[in-house]
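Everything below concerns the one structure shown next.
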Amino acid sequence: MESTVKLVSKADYESATAKTRDARMAWWREARFGMFIHYGLFSVLGRQEWAMAHELWPVSDYERLTEGFLPKPGCCSEWARLAKAAGMKYMVLTTRHHEGFSLWDSKVNPYNSVNYGPHRDIVAEFVEACRAEGLKVGFYTSLMDWHHPDCGPAAYDSAARKRLTDYILALNTELLSNYGKIDILWYDGDWPLRSFDGWNAVEMNQRLRALQPDIIINNRSHLEEDYGTPEESITPDGKRDWEACMTFNGISWGYVDSEQMAPYAVNANQILRMLSICAKDKGNLLLNIGPKADGSVPDEAIAPLTTLGKWLAQNGEALYGKMDKFTMTTERGLWGVGGMLQSLSRKGSTIYAWQWLWPPNGEIIISGMVGKLLKARILGSGKELPFTQEKYRIIFPNLDMKDRDPILGATVIALDFEAEPEYIGFAKIAPLLFGQVYE
Ligand code: GLC
């Protein structure tokens with residue numbers, strides 16, 4: 001390998017990856033929704049995936065968790081089937097979390113799931129399960145490793161640092177060499193080196209990209225790479241691709257007792273609210289589940305994801321595919337987001353109004369979109385809605401409660417305009433409201 005990769009400077013590496021980014025990211029930019037899976041020895045403990053560190057476990061004690069790590073046959077297919085049913089398009093598995101236990105047949109790391117626990121290559125099963133459901137394959141990989149003796153000393157001992165970074169590169173080389181085409185490499189856990197220099201990320205990522213030329217890499221090796229990763233908040237990034245990663249419960253990525261977690265779990269409508277922001281601001285949602293020790297899906301995730309998938313099967317046009325941002329015409333931004341009955345997304349000249357509520361008094365009025373509306377249709381049923389249009393308002397009169405979305409009560413109205421409508425913000429609406437003449 002050494003001899004075949006011609007290493008270049010950081011600037012040259014970044015300009016080369018920028019050139020191929022649009023092509024590599026094309027599928028990802030249309031996918032919008034993926035499943036994150038946190039699975040490892042921490043799933044056996046069931047006290048959050050940081051327990052080894054937070055509770056200061058001696059390594060030899062923690063290693064004994066391998067005895068209880070017994071994923072049932074077919075668990076990866078269970079995850080993949082649920083992801084598919086939920087309308088997700090890709091999956092990212094913790095192939096090795098900070099605890100240092102590899103879920104694959106590693107020659108570099110003997111502390112793995114083939115030598116211990118199930119004596120199976122879980123990564124191989126995962127890859128196969130994703131492919132069987134037509135889902136793209138993502139590998140989460142931790143930089144930090146609590147099981148590796150050099151991880152602490154690497155902060156001050158350059159020989160230890162070299163051994164650690166060589167080790168991480170060797171692990172990732174295995175992952176990206178032995179399982180066919182891999183779509184995403186998802187770095188995490190930058191302690192203790194905390195810089196791209198520290199982790200040799202420029203060299204490491206060049207070597208890894210040489211193995212998988214189409215791969216997409218996130219921004220957590222301290223290089224910007226292909227996309228940003230806001231965590232536990234849906235925070236759009238106006239300047240680059242972004243993917244919000246979210247726990248299912250606001251508390252833990254790894255499995256914690258389902259009965260206790262149930263009250264904290266998100267429901268389908270809450271996930272939909274997250275997705276609506278992703279649709280409007282062209283980002284992705286990577287929603288996590290933490291399987292139980294035996295690999296089964298936590299109970300509280302099954303119903304919301306299944307219901308959500310039914311909704312997306314009817315309404316996915318408002319979410320998936322090449323979305324467009326709104327062109328703002330006033331400095332105060334988009335009128336009609338937050339504190340409104342609807343969220344919006346756009347594809348060319350079609351605007352999707354995600355109606356969270358369906359007023360029982362039978363009328364929806366959408367203001368601020370100026371342009372000729374040709375047709376309005378309910379996405380789920382395809383039914384055309386009669387409307388009247390004024391310069392600043394679109395009015396849907398005499399709505400029928402029967403037309404409200406039967407799955408989640410969130411009805412999407414697709415507004416097909418002649419051309420992208422001018423979208424005016426509150427700064428322009430306010431004078432109209434107060435009876436002033438604008439300008
Ligand atoms: C944080 C946590 C880690 C988790 C990750 C997912 O970095 O430390 O446990 O895997 O978030 O984004």
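Remember, it's 1-based here, ligands and their atoms both numbered in the order they're listed.
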Would you check ligand 1 and list the protein residues that come within less than 4.0 Å of it by any heavy atom, ordered by chain and number? Phe36, His38, Glu49, Trp50, His97, His98, Tyr140, Trp186, Asp188, Arg220, Glu231, Cys245, Trp253
Which residues pass the ring pair (Phe, Tyr, Trp, His ring centres under 6.0 Å) test with Phe417, not counting sequence neighbours? none
Near-ring test Trp354/Trp311, centroid separation under 6.0 angstrom: yes
If you take the centroid of each ring, where Trp contributes its six-membered ring, are Tyr179 and Trp104 closer together than 6.0 Å? no
So Phe42 and Trp253, ring-ring contact (aromatic ring centres under 6.0 Å, His included) or not? Walk me through it. CA-CA 10 Å; Phe42 51 81; Trp253 299 92; over 10 Å; no
Can you check whether Tyr13's main-chain N or O pairs, donor with acceptor, with Gln206's side chain at less than 3.5 Å? no
Of Trp146, Tyr111, Tyr62, which is the lone residue that meets side-chain hydrogen bond (donor to acceptor under 3.5 Å, both in side chains) with Glu99? Tyr62
